[in-house]
Amino acid sequence: MLVAEVLVKIMESEGVEAAFGIPGASITPVYKYLARSKIKHYTARHEEGAAHAADGYTRSSGKIACCLTTSGPGATNLVTGLYNAQIDSVPMVAITGQNTRSQLGKEAFQCVDIVSTVRPYVKGAWCVTEPARAPGIFREAFRLARSGRPGPVLIDLPLDVQTTDIPYDPDLDAPLTWDKPRSNPKQIEKAVEMILAARSPIILAGGGVIAAGATKELLDFADYLSLPVVTTYMGKGSIPPDHPLYCGQVGIQCNTPFGNKAFLESDLVLGIGCRFNDRHTGNLDVYTRGRKFIHIDIEPTQIGRVISTDLGIVADAKQALVALLEAAKVKTGKRAPRGWVAGIPELREKYERRLQFDDIPIKPQRVFHEINELLGKDTIFTAGCGVVQIWSGQFQKIWRPRYYLPSGGAGTLGYEIPAAVGAKIANPDARVCAIVGDGGFTFQGEALAMACQYDVPIIVVIVNNGYLGLIRQNQAQNYGYEYAVDLWYGEGKIDFVQVAAGYGAKGERVTRPEEIRPALERAMNAGVPYVLDIVVERTTLCSMGTSIDAIQEYEQ
């Protein structure tokens, strides 16, 4: 069997149902067999968009997807998408075509050392130069992508390797297995003792809770001990926003006021599946002062990496939470909320940011108020970077895990639309909405063509202030100038409605607050990709700070 066919057989065996890519000369043999397979291929319009679509597919469904490209620039265009997936712990298998083995290292046409290029941004990368090793490498790639802390991998296939005949029987081959690390019982017992001894313990839920499918276990444990819960930005959706123990998000940008306040009230933090990254912690002295930390993570090198940890537990989040609950039941009965914890719902409402504005031009807050009211519990959202992402993170209420898909660690403009396409393909019965700025739309807006070609009815909400808004705010506040951030030119700005029509989508521009809701309703019922260009006040600032106790609020 040719190596190209072996690859496709293994993709099917590994459960791959969708692949996103752009064919080219050096990957043609694989496409021959992909066309004969049960895997549905979606042709992107940019290789980075193919990676983001695979990312959105996987994040929203938990099912692994692949992206495929040709060699040279086709391969290098994947780098941002792989980095985005790596830092947000998204399993993905990228497959690149390559020039023939005899041309490697000779600067042949579209022959680039993609393996060396991407190694810092993937869990593993292989250029398969020995055809007989191909099946084992393919299986290891899928195993590595899914095991431990998930992440992307890359397989580079020279053209002559793809067309080499090797012995292979698919009936005698199967996916590789792996074990999830289990918590040490003594460490679990110690963690419960520390929690019970603390004056004001709190749970910090990160994206790892969602990745592990551990949201029910999180709520069971929190409910039993009446522990308040805050989340990181990537943990958004791990607990319903109306849960009586949910306080909000912690961070210096994508935060909620009560989330930060509740965290600052704590003297012990149980962090689960989180990285303690800089946009979450801000000033580390403020973040750590007066509190101990228990850190549960599936990746051993994460523990102690950023903050000093009083107790580190290497374990799968779901297993660890089950063990914590069992240990807690041995030591104490079910606890009722005490002190300020009993009043969390009232306090959460008291500190909520104001979203209902009737101003013209439209306040960005009003856009998210309408999104919360109308799209609410049943919509999967994607978000990329910039001021619009921060507003989304601060204002949107997310009710379910895997229903909020942000570019968290990378902050990638252009992630939003292709990721939404991937998420909708993975969840055809769900509503999917990309939240994007007018600048972000121009990065991977061509993904609308993929949505239109394959009848993928996503909603794209453009919060259009005509600026690179976050950079404008940074320049103006920190340096006293503005330069190269204005995206409007005279009376003519990009007509996103015509852009949408050019791709085959529908769209409309919204300029008044009372127009937002009916426009969203039309988008929801359109049955085709729909772009809403909502023109908002140009100079609205987003709340942020350098430490979680000093967030500058601008709209009250």
Side-chain angles (χ1 to χ4, degrees), residues 1-43 50 54 57-58 61-71 74-75 78 82 90-104 114-115 118 122-148 150-180 425-426:
M1 189 178 291
L2 300 189
V3 168
E5 185 176 4
V6 171
L7 171 62
V8 175
K9 291 289 187 186
I10 288 177
M11 289 168 65
E12 289 181 318
S13 169
E14 294 283 353
V16 176
E17 298 175 0
F20 303 85
I22 303 176
S26 69
I27 195 68
T28 296
V30 171
Y31 270 79
K32 175 183 177 180
Y33 295 101
L34 197 62
R36 302 175 182 178
S37 76
K38 295 178 288 186
I39 299 168
K40 177 67 174 176
H41 179 271
Y42 300 87
T43 302
Y57 181 100
T58 299
S61 66
K63 299 182 294 185
I64 199 165
C66 292
C67 53
L68 300 93
T69 77
T70 193
S71 58
L78 280 178
L82 294 173
V90 180
M92 177 195 305
V93 177
I95 301 156
T96 54
Q98 181 58 276
N99 211 313
T100 59
R101 285 172 288 178
S102 63
Q103 296 298 324
L104 298 180
I114 190 62
V115 168
V118 303
V122 295
K123 288 188 72 179
W126 303 264
C127 181
V128 183
T129 57
E130 300 173 59
R133 296 185 60 205
I137 290 173
F138 298 160
R139 290 296 189 188
E140 171 60 10
F142 278 94
R143 185 201 69 80
L144 187 62
R146 292 174 167 132
S147 63
V153 297
L154 181 135
I155 301 166
D156 192 39
L157 284 175
L159 187 58
D160 57 328
V161 171
Q162 295 175 53
T163 55
T164 299
D165 196 3
I166 62 172
Y168 181 75
D169 185 346
D171 292 333
L172 300 178
D173 192 19
L176 301 177
T177 59
W178 71 93
D179 294 324
K180 295 179 180 179
I425 289 168

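Below, each value reflects all heavy atoms present in this structure, side chains not excepted, and no hydrogens, waters or symmetry copies.
Atom-to-atom distance recorded for I166:CD1 and E130:CD is 12.0 Å, nearest 0.5 angstrom. In this structure, S13 OG and D173 CG are separated by 6.5 Å, a value rounded to the nearest 0.5 Å. Q162 contributes atom CD, which lies 4.5 Å from atom CD1 of I27 (distance to the nearest 0.5 angstrom). To the nearest 0.5 Å, atom NZ of residue K40 and atom CD of residue E17 are 13.0 Å apart. Residue K9 holds its NZ atom at 5.5 Å from CE of M1, rounded to the nearest 0.5 Å. Summarising the geometry, atom CD1 belonging to I10 is positioned 8.0 Å from atom CZ belonging to F142; distances are rounded to the nearest 0.5 Å.
Without hydrogens or angle criteria, T58 side chain to A65 main chain gives a donor-acceptor distance under 3.5 Å. Side chain of K123 to backbone of S147: a donor-acceptor contact under 3.5 angstrom is found. Although no hydrogens or angles enter the test, the distance criterion places a donor-acceptor pair under 3.5 Å between the side chain of R101 and the main chain of T129. A side-chain donor-acceptor contact under 3.5 Å links S26 to the backbone of S71.
Residue D179 qualifies as open at atom CG: its count of foreign heavy atoms under 6.0 Å is 12 or below. Atom CZ of R139 sits in a crowded spot, with more than 12 heavy atoms from other residues, nucleotides or ligands closer than 6.0 Å.
Annotation for V6 and P135: closest pair CG1-CG, 4.0 Å, computed over non-hydrogen atoms. Contact detail for S37 and V8: the closest heavy-atom pair is CB-CG1, 3.6 Å. Minimum heavy-atom separation, A25 to P29: O-CD, 4.5 Å. Shown here for I155 and A141, the closest heavy-atom pair between the two residues is CD1-CB, 3.8 Å. Summarising the geometry of L78 relative to A94, their closest heavy-atom pair is CD1-CB, 4.1 Å, with the distance given to 0.1 Å. Between Y57 and A426, the shortest heavy-atom contact is CD1-CB, 3.4 Å.
For the side chain to side chain contact (heavy atoms under 4.5 Å, CB included) criterion with Q98, the lone passing option out of L104, T70, V128 is L104. Each of I137, D156, V161 was checked for a side chain to side chain contact (heavy atoms under 4.5 Å, CB included) with C127, and the lone residue meeting it is D156.
V3 places none of its side-chain heavy atoms less than 4.5 Å from the side chain of Y168. Side-chain contact check for I64 versus V16: some heavy-atom pair is nearer than 4.5 Å. Between E12 and P170, every side-chain heavy-atom pair lies at or beyond the 4.5 Å cut-off. Looking only at side-chain heavy atoms (C-beta outward), E140 and W126 come within less than 4.5 Å of each other. Counting heavy atoms from C-beta on, the side chains of T69 and I22 never come closer than 4.5 Å. No side-chain heavy atom of I95 sits under 4.5 Å from any side-chain heavy atom of F138.
A salt bridge is absent between E5 and K32; no separation between the charged side-chain nitrogens and carboxylate oxygens falls under 4.0 Å.
Ring orientation note: the planes of Y31 and H41 are nearly perpendicular, at an angle over 60° on the 30°/60° scale.
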